[in-house]
Peer 1: 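Below is a structure I'd like to ask you about.
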Amino acid sequence: MSAIGVANPSSSIASQRYVILGAGSAGLGIATQVRDAIIASGKISKEEANEKFWLVDREGLVYDIGRGMAKGVGEVKGRLEGFVRSAEEGWEGNVGLLDVVKKVKPTILVGCSTAAGAFSKEVLEAMVDGGCERPIVFPLSNPSNLVEAKPEDILKWTKGKALVATGSPFPPVKLKIDGEEKKIM
Amino acid sequence: MIVAGANRLAELSPAIREQVSTSNSNNGEGDYSGKALLPDFREAPKINFEIAVAVAEQAVRDGISTMSKDVRVEDVRERAKEKVWVPLYCEYEYDPKGLS
């Protein structure tokens with residue numbers, strides 16, 4: 001909520017595009033909770049709220065492959081329902097995080113995957129190139145050595161534009177932006 | 001209730017508080033200075049209390065609070081203060097005779 005307020009005070013949780021790496025209990029829990037908060041805000045319907053989320057797991061984007069199955073996760077049941085992307089969006093094979101970011105142009109990237117380094121330089125640059133002025137990036141995995149990207153790297157690769165929060169502790173980052181040194185907590 | 005707690009936490013974000021105070025003083029534009037999105041851990045007791053109050057107030061508004069029905073939203077803060085545990089301990093004196 002605070003990241004959205006800083007990135008674009010006139011926007012809201014309903015107007016974001018969320019890419020979540022990790023479709024396990026953490027990823028699904030986050031997607032469900034945020035989706036429900038969007039619905040509670042009264043701005044859009046449940047179907048429209050579901051559409052704001054792209055879940056990516058070990059085998060890539062979670063999308064419909066017919067007969068009640070989703071790519072990479074198998075049978076679609078429970079909280080996963082609603083978050084499985086439609087095949088009509090044109091997905092084929094294993095769609096990696098970088099391709100998802102390039103196509104979807106997310107405003108918010110959340111990591112709960114324990115896939116160390118998954119938020120690579122290319123992924124962050126693609127997020128910025130997609131037109132996102134203030135990428136909101138939350139690599140939440142624990143412990144520190146499994147984090148999707150270190151705040152220092154995220155801020156370097158996005159030239160200080162990203163708003164970062166983590167699940168593991170990291171020290172403040174000192175960055176030189178346009179000649180001015182800033183300390184980012 | 002979770003949304004109420006999350007919204008209260010966001011209001012207490014150092015980055016948001018700075019944004020609010022800069023926009024009040026110079027009519028809007030201010031660049032993000034790098035303030036933390038979340039409050040410092042040292043402020044946890046105070047922040048946690050604020051979130052608890054926000055959640056309890058929402059429960060009263062939603063009619064699902066387990067307190068008596070005559071508790072109003074405005075009363076929640078005082079009630080909550082009474083319930084806060086503070087780590088203050090009594091001084092103990094050793095008695096060699098003990099309980100015998």
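Within every chain, numbering begins at 1; the chains are lettered A, B, ... in the order of the sequence lines, protein sequences first and strands thereafter.
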Peer 1: Suppose a student defines contact as a heavy atom less than 4.5 Å from any heavy atom of chain B. Which residues in residues 16-53 of chain A would they list?
Peer 2: A:Q33, A:A37

Peer 1: With a 4.5 angstrom heavy-atom cut-off, is it the side chain or the backbone of B:L37 that approaches chain A, or both, or neither?
Peer 2: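 Contact with chain A involves both backbone and side-chain atoms of B:L37.
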
Peer 1: Would you say B:V73 ends up clustered with B:M67 if hydrophobic residues are merged whenever their side chains have heavy atoms under 4.5 Å apart, either directly or through other cluster members?
Peer 2: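 B:M67 clusters together with B:V73.
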
Peer 1: Mind listing the closest non-hydrogen atom pair of A:M1 and B:A10 along with its distance?
Peer 2: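 Reported closest heavy-atom pair: CB-CB, 3.3 Å.
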
Peer 1: Counting a contact as any heavy-atom pair under 4.5 Å apart, which residues of residues 52-64 of chain B contact chain A?
Peer 2: none

Peer 1: Considering residues, nucleotides and ligands other than B:E50, do more than 12 of their heavy atoms fall under 6.0 Å from its CD?
Peer 2: yes

Peer 1: Should side-chain heavy atoms under 4.5 Å link Ile, Leu, Val, Met, Phe, Trp and Tyr, which residues sit in the same cluster as B:Y92?
Peer 2: none

Peer 1: Is A:P172 in contact with chain B via its backbone, its side chain, both, or neither, using a 4.5 Å heavy-atom distance?
Peer 2: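 No part of A:P172 comes within 4.5 Å of chain B.
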
Peer 1: Would A:F170 end up clustered with A:L140 when hydrophobic side chains under 4.5 Å apart are linked, directly or stepwise?
Peer 2: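 Shared cluster, no.
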
Peer 1: Counting heavy atoms not belonging to B:R17, are there more than 12 under 6.0 Å from its CZ?
Peer 2: yes

Peer 1: Looking only at heavy atoms and a cut-off of under 4.5 Å, which of B:I16, B:L12, B:N7, B:V3 has the most pairs with chain A?
Peer 2: B:I16

Peer 1: Quick check: closest heavy atoms across A:G5 and B:Q19, and the distance to 0.1 Å?
Peer 2: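 In this case the closest contact between A:G5 and B:Q19 is O-NE2, 3.1 Å.
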
Peer 1: Is it the case that more than 12 heavy atoms not belonging to B:E82 sit under 6.0 Å from its CD atom?
Peer 2: yes

Peer 1: Taking a hydrophobic cluster as the set of Ile, Leu, Val, Met, Phe, Trp and Tyr residues connected by side-chain heavy atoms closer than 4.5 Å, whether directly or through intermediates, do B:M1 and B:I47 fall within one such cluster?
Peer 2: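 Yes.
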
Peer 1: Chain B heavy atoms under 4.5 Å from A:V173: which part of the residue, side chain, backbone, both or neither?
Peer 2: neither

Peer 1: Tell me the residues of residues 76-103 of chain A whose non-hydrogen atoms fall below 4.5 Å from those of chain B, in number order.
Peer 2: none

Peer 1: Determine whether A:V110 and A:I136 fall in the same hydrophobic cluster, where Ile, Leu, Val, Met, Phe, Trp and Tyr are linked whenever their side-chain heavy atoms lie under 4.5 Å apart.
Peer 2: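 A:V110 and A:I136: one cluster.
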
Peer 1: Following the transitive rule for hydrophobic clusters with a side-chain heavy-atom cut-off under 4.5 Å over Ile, Leu, Val, Met, Phe, Trp and Tyr, establish whether A:V164 and A:L175 coincide in one cluster.
Peer 2: yes

